[in-house]
Structures are given as C-alpha cells and as structure tokens.
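Worksheet for the structure shown next.
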Number of protein chains: 2
Amino acid sequence: MFSIGKLGRAARVKVPTIRYYEQIGLLPEPDRSAGNQRLYPRTALDRLAFIRHARELGFPLDAIRDLLGLSDHPDQSCAAADAIARAQLDAVRDRIVRLKALEGELERMLDQCASGTISDCRVIEVLGDHANCAHDHDGKDLG
Amino acid sequence: MFSIGKLGRAARVKVPTIRYYEQIGLLPEPDRSAGNQRLYPRTALDRLAFIRHARELGFPLDAIRDLLGLSDHPDQSCAAADAIARAQLDAVRDRIVRLKALEGELERMLDQCASGTISDCRVIEVLGDHANCAHDHDGKDLG
DNA sequence: TCTTGAAGCTATAGCCACTAGAGCAATTAG
DNA sequence: CTAATTGCTCTAGTGGCTATAGCTTCAAGA
C-alpha cells in the first residue's frame, strides 16, 4: 500500500493532481488509514501511470476516461481506442499546421524590423494592419 | 460612433470578448448613450483590430498590453516591441518541436495497432507502459 | 517517550482567455 | 406600435491543474 506521496513519486504525478483526478472521478476513492490518509493498492500505480502517459501524449482527460474504460474490458475490439488515438493525432497535426503559419508570420514581421523607433516599427505596424499579412490566420491555437 | 455590435462586426471580435477586454483594462471604458449603451469612437476600432491581430499571432494578453503601451509612444525605440515578438516566435517554435514529437509517438502507436481486441491493442499497451516510447516527452503542450 | 519536521487533510481561490446563460432594458425596422 | 434584435449586468463554467491557509497525522531521531 502506498501513501499519496509515494504514489505520486512512483508515477511522477504531483500530489494535488492525484487528488484532483480523484475528485473528477478519474481515479477511484481509495481506502483510508485510521488517521484518514489515503492508502493506495499497487493497481492505482498502473492506472495513474496510464493517465500520466496519455496526458504527455496530449490526450484530454475525457479521452483518457474513455481509454481507461476500454482497458477495463480487454475482450472488446480495440477499434474505439484506435479512433480516440487517431482523433488525437489529427488534432496534433492540425495544431502543427497552424503554429507553422504563425511561425512564418512572426518571422516575416521580425525580418522587416529595422530596430528604429516605434513610429516606423514593422512589428507594431503589422499588428495594426492585417493587410500586411501573407496568410489568413484564425487564432485557434492560442493556448 | 459605433455600438458594441458594430464594433465587434467591424473588428471581427465577439461582443462579450469586447466587454471582457474592457473589464481587464485592455480597452478604455467608452462613453455611454442616454440608455447606458456603449458608444465607441473610430479609434477603438484600430485598437481592437490590433488586439485581435496580435491574438491571432498567439500573443498573450499581457504581451499585447505591453505592445499597446509601446504603440502609444511612437518616439521610443522599438527594441522592446522586437523583444516581445521574438519571445513569441521562440514560444511558437518550442511548441512546434514538442508537438512534432507527440505526432511521431502517436503515429508509431497507431502503426502498431492490428485492430484486434483490447487485450492485444498496442494503443492501450503503449499508454500503459512508457518503456514502449521512443522519446521522453514532458507534457508541456497539452492545451 | 518526546519532539520536531515532513507529509497529509479539506476547502477555497486563482490561472488564461474567453463563453454561456439568465433576466432584464433599449433600440430599430417594418 | 409592435416585434425582433441588440444591448445591459451578473454569475458561473471551461480545462487541467496550481497555490494557499489552517489544520492533523505520521515517521524518525534523541
């Protein structure tokens, strides 16, 4: 049995994050010690490591909830898990495309800056006038 | 003079967002009509367009606040504006690198999925065991 | 056994940049 | 004049945590 701190170190997840996952129902409520402290079985480590790894791959917690549900039913088809991962891959690719457009725009803007005064600063000017831009940009990647 | 709705349409910014920008001090409080409705001068459109464009380029509102402050002082050096834009470019490049690593990991995971049952699903397995991974990933791009 | 410090507990608030909704007042088009 | 649209304020919610306050429990050393 692990304390929450040991579990957190083992899975490399911060203690408040574990409590948060419990609060939103991603981790089951564990038993408590006589002094009301959480005591986790070994299986909690697997589940938490799964969550952490999926988070590192950018899956939102809702998708992780689904994946955890699937992993509890080993006999079913993995088509659903595949679909979730594929959606995540699509989302990641989408963000890369948009960020590359932003990168190009910022590069262009900075290339034109002659480091003079604000009044002839291309950075400020470009920001003030969309017509200076090469692309459209839709601002959906501003986390 | 614009109503808030006309201003929003002109700058392509949603009305509640304009009120939010006012609330956090990014836009000055405008005069009101006899019936307490906001009335904006033409200059508000420039300022709002500037904000929207900077947001589309991924600048956080705090950086935009600084840029707006700079654009109000056209005689100063544009070095500060340049630095803000450069920091934003660095941040964008950083996110692209991390997202590409995630993309590769997800691709590998999906390539290995033979579409069988959950019990031999590589997607679930890879998520459960970090040792299957090619890279480290640090989970800092999960917005 | 006592003590001290680390680790645990709950509850609340904050982060970013909005978005949604309730319930009402003002304006505008027909 | 009426009905539709737009506006107003206020509150709460989003995602995924993180931080703080004020308390209790536990583990290790003297």
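This one's a predicted model, so the numbers in the text were calculated from it and none came from an experiment. Each chain gets a letter, A, B and so on, in the order its sequence line appears, and its residues count up from 1.
- Going from atom CZ of B/R38 over to atom P of C/dA25 covers 17 Å, rounded to whole Å.
- A chain of hydrophobic side-chain contacts below 4.5 Å, direct or via other Ile, Leu, Val, Met, Phe, Trp or Tyr residues, connects B/I64 to B/I24.
- In this structure the side chain of B/V13 never reaches within 4.5 angstrom of the side chain of B/I51, judged on heavy atoms.
- Regarding contacts with the backbone of D/dC26, every side-chain N or O of A/S3 stays at 4.0 angstrom or more from both OP1 and OP2.
- Distances were taken from every side-chain heavy atom of B/Y21 (C-beta onward) to each of D/dC8, D/dG16, C/dC18; the shortest belongs to C/dC18.
- Put simply, B/K14 has no side-chain N or O that comes within less than 4.0 Å of OP1 or OP2 on C/dC18.
- Straight-line distance from the CZ atom of A/F59 to the P atom of D/dC17: 15 Å, rounded to whole Å.
- For A/P16, taking side-chain heavy atoms from C-beta onward, the closest of the listed nucleotides D/dT18, C/dC9, C/dG8 is D/dT18.
- Regarding A/L39, its CG atom lies at a distance of 12 Å from the C1' atom of D/dT25, rounded to whole Å.
- Remark: P of C/dC16 and CZ of B/R95 are 15 Å apart, rounded to the nearest angstrom.
- Taking 4.0 angstrom as the limit, A/R55 places a side-chain polar atom (N or O) nearer than this to OP1 or OP2 of D/dC17.
- One finds no salt bridge joining A/D90 and A/R86 here, because no Lys/Arg side-chain nitrogen approaches an Asp/Glu carboxylate oxygen to under 4.0 Å.
- The main-chain N or O of A/L99 is never found under 3.5 Å from a side-chain atom of B/R95 such that the two would form a donor-acceptor pair.
- In terms of position along DNA chain C, the nucleotide closest to A/R32 lies nearer the 5' end than the nucleotide closest to the other residue of the pair B/N36 and A/R32.
- Toward the 5' end of DNA chain C, the nearer of the two residues B/D62 and B/S33, judged by each one's closest nucleotide, is B/D62.
- B/Q23 has its CD atom 10 Å from the P atom of D/dT9, to the nearest Å.
- Among the protein residues, A/R9 comes within range of no part of the nucleic acid, since none of its heavy atoms lies under 4.0 Å from any strand.
- Distance B/E56 CD to C/dA17 P: 15 Å, rounded to the nearest Å.
- Heavy-atom nearest nucleotides on DNA chain D were determined for B/R19 and for A/T17, and the one closer to the 5' end corresponds to B/R19.
- Taking atom CZ on B/F2 and atom P on D/dT6, their separation rounds to 17 Å, with Å as the unit.
- Distance alone, capped at 3.5 Å, places no donor-acceptor pair between the B/Q37 side chain and the B/S3 backbone.
- As rounded to whole Å, 10 Å separates atom P of D/dT9 from atom CD of B/Q37.
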